[in-house]
Protein chains: 2
Amino acid sequence: MVTIADVAATAGVGAGTVSRVLNDRPKVSPSTRARVLAAIEELEYRPNPLARGLSLGRCQTLGVVVPFFTHASAVERLRGIVAALRDSRYDLVLFNVESPVHRDEHFEALTRRDRADGLLVLSLPPPPDHLARLRAAGVPIVLVDATAPGVPCVVTDDVEGGRIATRHLLSLGHRDIAFIGDSTANGFGFTSSARREEGYGQVLRAAGIRVRRSYVRHGAHERDVAARLAGQLLRLRVRPTAVFASSDVQATGVLAAARSHGLRVPEDLSVVGFDDIEISAYAGLTTVRQPLFDSGYLGARHLLDALEGGTPIMAAEHHLPLELVVRLTTTKPRSGARG
Amino acid sequence: MVTIADVAATAGVGAGTVSRVLNDRPKVSPSTRARVLAAIEELEYRPNPLARGLSLGRCQTLGVVVPFFTHASAVERLRGIVAALRDSRYDLVLFNVESPVHRDEHFEALTRRDRADGLLVLSLPPPPDHLARLRAAGVPIVLVDATAPGVPCVVTDDVEGGRIATRHLLSLGHRDIAFIGDSTANGFGFTSSARREEGYGQVLRAAGIRVRRSYVRHGAHERDVAARLAGQLLRLRVRPTAVFASSDVQATGVLAAARSHGLRVPEDLSVVGFDDIEISAYAGLTTVRQPLFDSGYLGARHLLDALEGGTPIMAAEHHLPLELVVRLTTTKPRSGARG
DNA sequence: CGGAAGGGTGGAACCGCTTCCACCGAACCG
DNA sequence: CGGTTCGGTGGAAGCGGTTCCACCCTTCCG
């Protein structure tokens, strides 16, 4: 393995000079620089990132903590992150989280600059104690789809998103609108679903519609679970004419349930999702679109800027817009659908 | 930042002793060990992975090179890899590839033990020159869904998969069976699709059916592209009664095309896919299932064993089984469908 | 009872890089 | 023309670990 000393010897200079050339520092004469570059070329020298990292106190690595990274929305956010990192010198290290224990282990490990130079956390509010330690250790951190006091984040207005979806159904004439969202006791502190539900409730109440307990169902963020919950809704005496699911994955579960109950969508049941993941266009799903790719991209750029600019990261909230995408799963309720 | 020297001072021992305790080496008396552990506890000491890596010549990192990591099949394989790494000490560094240049850059960077201790390459046959350099540098490598001479790999029999799908359609009574696969000139050397096509051709010829040129279409591995190609097929004078798509993503494109041409599936058109990704069950797609999760898991385990056992990795081929999953998109052709 | 053997230990050297400091020589100034 | 200044450079120190070697102190054996 060829080292900086070999290059120095070949070029007939000192190691320090080679280092200066490598890092584009001034104070190297053009002729020396050329000689060093020639030696690097000749020996096919590549700096050892570990040694560099040890010396510099950083490791050219960005940690991404992401719960259930195989979920379509997480993948799309990751895509944005990868795109942002594409032209940087940073590698992406993936920390998947599938349980709170899991999450704590990762945060534990990442509470030091030597594991990752910066942290991108998706959809997961870091526990306060970890956050405090991260701050103390000076590890820059950006949250995407989550918030914490004093931490920069990229978010959308989930409450407003809930309002948008519900207003859409309301404006079509629906009054019996159900909601399917994540378990409130998910152990991670995910809040998106609850906030969307909040918007749903606000709009209904503003329209003078009581939010029935039986119309609001919670379960794990999975298609099958959502399908089961939807099945329960569809068997109620007063069946809802529309369902707002707090994610597209759950919405497709609702579609499956409707199908297996012999109900046509949208004639018998309108369905609105949230996210606009790739499958949604294919499924013709009406949904509230949030810019998933952009959220990852912006979060990563924000982190990179802080890292490269050396400025302490600003605790700003970056808000991304939401947009109703009307496709084929929503329409007016049939007259007399009730009862 | 607390270092090994701090721990040594606190415990009243030398740095070497602390290191021995950390690495569970013998030749440390129980009492000394206890004292060191107490000091570690007290100071909340965590070894610096960079320093450790520099000294040891490895970095506790596994590189995963994956083209288009957002594709559902890649995500599922990644899930297997992450699961296998879960209880190891290795971090996962993701190298996404979206162009051959891209690929070469990554391989270039990874041709040294200091970037990753081992390499997992998905669906991508490494170019021979890179392979030679990797081998020279002693970087263990395992291929998943790809092969290269002398490199261990985890694969399925794609030719057989093509046969399975085509036999299924044939046994239902179809004779006009089209194929939609990846571009042959994809620049990456992907071969899965071509091998599935090979199996398709073998079965047809064995049944005495000529493979029509017009029934075989190639394009980028995307739903929309597949939908466009399927549209071309559906407008042919002699319309095929069945389509075998070389992946489920492409199969869903075919489904979309059928829908927009007013054709019912499976009555008017049977469709078989390949992979059995998550969406396939939802879409009711008949497909050839390959164990994606397992492929990632096994590949990673294989690599970890080699890394931890220190044994030079065996250049074995690990074959994973294929299985026909019949759902709702295939049935007998309507009599007189031809013409 | 002296010497060999060997467990237990401290500390120096080393991994490959960055950076600081000392130093050299040329240019510039009074 | 001697003394600053400053661009350019070599080399040592340091980053935080691991490992090797030397050494000490028992223990055991002849």
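Every chain is numbered from 1, with letters handed out A, B, ... down the list of sequences. Computed from a prediction, not measured in an experiment: that's the story for all the values here.
Side-chain rings of B:H71 and B:H221 approach one another, their centers coming within less than 6.0 Å.
Put simply, CD1 on A:I4 is 18 Å from P on C:dC14, counting in whole angstrom units. The nearest whole Å value for the distance from the CG atom in B:L50 to the C1' atom in C:dT18 is 13 Å. Going from atom CZ of B:R58 over to atom C1' of C:dC15 covers 13 Å, rounded to whole Å. Here the P atom of nucleotide C:dG16 and the CZ atom of B:R115 are 17 Å apart, to the nearest Å.
Within residues 28-43 of chain B, no residue places a heavy atom under 4.0 Å from DNA chain D. Within residues 17-24 of chain A, the residues having any heavy atom closer than 4.0 Å to DNA chain C are, in order of number, A:S19, A:R20, A:N23. Heavy-atom distances under 4.0 Å link DNA chain D to B:G16 of residues 5-16 of chain B, given in residue order.
Taking CG from B:L22 and CD1 from B:I4, the interatomic distance works out to 5.0 Å, rounded to the nearest 0.5 Å. Once rounded to the nearest 0.5 Å, the distance linking CZ of B:R79 with CZ of B:F293 reads 5.0 Å. The CG atom of B:L78 sits 6.0 Å away from atom CG of B:L94, with the distance rounded to the nearest 0.5 Å. The CG atom of B:L131 sits 8.0 Å away from the CZ atom of B:F107 when rounded to the nearest 0.5 Å.
Among the protein residues, A:L56 comes within range of the sugar-phosphate backbone only, with heavy atoms under 4.0 Å from sugar or phosphate atoms but none that close to a base. Residue B:R25 is classed as a sugar-phosphate contact, given heavy-atom separations below 4.0 Å to backbone atoms only.
With the end axes of the helix from C:dC1-D:dG30 to C:dG30-D:dC1 each set by five pairs, the angle from one to the other reads 60° at 10° resolution.
A distance-only check finds a donor-acceptor pair linking the side chain of A:R112 to the backbone of B:R46 [under 3.5 Å]. With B:R103 contributing its side chain and B:L124 its backbone, the two residues share no donor-acceptor pair below 3.5 Å. Between the side chain of A:N186 and the main chain of A:G189, a donor-acceptor pair closer than 3.5 Å is present.
The side-chain heavy atoms of A:L143 and A:D145, taken from C-beta on, include no pair separated by under 4.5 Å. Considering only heavy atoms from C-beta on, A:L320 stays 4.5 Å or farther from A:V155 through its side chain.
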Throw together a table of side-chain donor-acceptor distances under 3.5 angstrom for residues 12-21 of chain A, partners on residues two or more places apart or in other chains.
from, atom 1, to, atom 2, distance (Å)
A:T17, OG1, A:R20, NH2, 3.4
A:S19, OG, A:N23, ND2, 3.4

Run B:E108 and B:H106 through side-chain hydrogen bond (donor to acceptor under 3.5 Å, both in side chains) and show every step you take. CA-CA 5 Å; B:E108 180 76 21; B:H106 286 326; over 6 Å; no
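In this structure, a donor-acceptor pair under 3.5 Å is present between the side chains of A:S295 and A:R77. Side-chain contact of A:T61 with A:D117: a donor-acceptor pair under 3.5 Å is absent, judged by distance alone.
One finds no salt bridge joining A:R58 and A:D114 here, because no Lys/Arg side-chain nitrogen approaches an Asp/Glu carboxylate oxygen to under 4.0 Å.
For the side chain to side chain contact (heavy atoms under 4.5 Å, CB included) test with A:S88, the passing option among A:L62, A:L304, A:L303 is A:L304; the others fail.
Nucleotides of DNA chain D lying under 4.0 Å from heavy atoms of chain B occupy a range whose first and last members, 5' to 3', are D:dG16 to D:dC20.
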